[in-house]
Amino acid sequence: MRKLNRMITVVLLLLSHAAFTQFKIDSAAFFGDEQPFEMTLSSDLKTFINKKMQKAEQPALVTMRFADSSKVSEEIGISSRGKFRLENCHMPPIRLNFATPSSPGLKNLGKLKLVVGCGATKDDEQLIIKEYLAYKIYNMLTEKSFRVRLVKITYEDTKGKIKSYSQYGFLLEDVDDMAKRNGCRELENVAVNSETTDRKQMTLVALFEYMIGNTDWSVPAFHNIKLIQPRKDEKAIPIAVPYDLNHSGFVNASYAAPPEEMGIETVKDRKYRGFPRSMEELQEAISIFNNQKENIFNLVSNCQWLNKPHKKEVTLFLEDFYKTINNKNAVKHTFIDNARTE
């Protein structure tokens, strides 16, 4: 009887393992899904936070639960990333490495950036939701943008030295997957300035950065900008794609401050960092923003994870932008007369 029970146990374990190994996430479908999901991240978090592990990876157990009740639990590697938030936040930004032998179901996700709250408070979470919405707005304007996936994270310290807590964060699409979606590849280590990138797309990028009140970006420095290029044409003009939007006035984090050389006092004070364009070029780009205006405001008003005060703040900030772009004198003054020249 014992022998029979052992055989049954072995068969059940094999069947369970077979079902487990058949669970494979497709990266494109993963970021195409608008539904938030839940994730538990279990690791020695106190060591991770204190050591700010950028180069070395630390083992972690990640458990994902999706809206259709499916669930996957696998061992991955985690490391810290970033610069400002790495040095100034309680919880550093995290890179999740799913490309490990111990995570067959999630390996197609590769290595992903997990954007998390600077701290564990509700206000920290609201800032993350606003940055998530900024990415979603840019998705509405162009396909040449990073997709994001909202996730409710529960942090569990395996050593029991940090109290568990839950907070929303979001995963950022891998640059190679974003480029592949657009028939492109990432372009790295090439001297490029704003005016040698795709002109129409650069105009859109500059207007979007102005829209969200972000001056924390640079094409030649590859600072918060990725470059992609059509995969089959090595001589094609590069295309700029913005990311890391947390220092924008749209997010309005307490730690965010514009560089002194910008000549503005706060991130809520917009500063256009694009080069001059003709009125015709600007109107072509502005029409894209106007065509998505209703969808953009609906995105904010219908966001169930953003509280009323933050919704009001964001809405007023966006309304001010739309007043500017729909006033020809303001367009000329802001984007032509006062555009950068170097």
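The basis for the numbers below is simple: all heavy atoms, side chains too, and nothing from hydrogens, waters or symmetry mates.
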For the residue pair [Y] / [X], report whether a side-chain donor-acceptor contact shorter than 3.5 Å exists.
{"X": "T47", "Y": "Q58", "answer": "no"}
{"X": "T40", "Y": "R65", "answer": "yes"}
{"X": "T203", "Y": "E281", "answer": "no"}
{"X": "Q167", "Y": "D124", "answer": "no"}
{"X": "S145", "Y": "N139", "answer": "yes"}
{"X": "H310", "Y": "D123", "answer": "yes"}

Between [X] and [Y] (judged by ring centroids, cut-off 6.0 Å), do the two rings come close enough to count as a pair?
{"X": "Y168", "Y": "Y132", "result": "no"}
{"X": "F37", "Y": "F30", "result": "yes"}
{"X": "Y155", "Y": "F48", "result": "no"}

Near K268 NZ, under 6.0 Å, is it more than 12 heavy atoms from other residues, nucleotides or ligands?
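Result for NZ/K268: enclosed.
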
Can you tell whether the side chains of E265 and K271 come within less than 4.0 Å, N to carboxylate O?
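So E265 does not pair with K271 through a salt bridge.
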
So, are K332 and D337 salt-bridged, with charged N and O less than 4.0 Å apart?
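Answer for the salt bridge query: yes.
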
Is there a side-chain contact between D198 and K200 in this structure, where contact means two heavy atoms from C-beta onward sitting under 4.5 Å apart?
yes

Show me the donor-acceptor pairs, under 3.5 Å and distance only, between side chains in residues 250-262 and residues at least two apart or in other chains.
from : atom 1 : to   : atom 2 : distance (Å)
N252 : ND2    : E313 : OE2    : 2.7
Y255 : OH     : N246 : ND2    : 3.1

Roughly how far apart are [X] [atom1] and [Y] [atom2], rounded to 0.5 Å?
{"X": "C184", "Y": "E186", "atom1": "SG", "atom2": "CD", "result": "11.5 Å"}
{"X": "I228", "Y": "T197", "atom1": "CD1", "atom2": "OG1", "result": "11.0 Å"}
{"X": "N298", "Y": "C303", "atom1": "CG", "atom2": "SG", "result": "12.5 Å"}
{"X": "I76", "Y": "E57", "atom1": "CD1", "atom2": "CD", "result": "8.5 Å"}

Taking side-chain contact (heavy atoms from CB on, under 4.5 Å) as the criterion, tell me which of D320, T215, I212, N214 meets it with R270.
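Of D320, T215, I212, N214, side-chain contact (heavy atoms from CB on, under 4.5 Å) with R270 is met by D320 alone.
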
Is there a path of hydrophobic side-chain contacts, each under 4.5 Å between heavy atoms, that joins [X] and [Y]?
{"X": "Y135", "Y": "L141", "result": "yes"}
{"X": "M64", "Y": "V151", "result": "yes"}
{"X": "Y243", "Y": "L207", "result": "yes"}
{"X": "L245", "Y": "L306", "result": "yes"}
{"X": "I137", "Y": "W217", "result": "yes"}

Can you tell me if S79 uses its side chain to pair, donor with acceptor, with the backbone of A56 under 3.5 Å?
no

Could you tell me how the ring of Y210 sits relative to the ring of F321: parallel (under 30°), tilted (30 to 60°) or perpendicular (over 60°)?
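Y210 and F321: tilted rings.
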
List the residues meeting side chain to side chain donor-acceptor pair (under 3.5 Å) with E156, not counting sequence neighbours, and say none if there are none.
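Partners of E156 under the side chain to side chain donor-acceptor pair (under 3.5 Å) test: S42.
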
Given salt bridge (charged side-chain N to carboxylate O under 4.0 Å, His left out), test E34 with K136 step by step and report yes or no.
CA-CA 10 Å; E34 295 286 333; K136 298 299 286 184; 2.9 Å; yes

What are the two closest heavy atoms between E342 and F275, and how far apart are they?
N-CE2, 3.7 Å

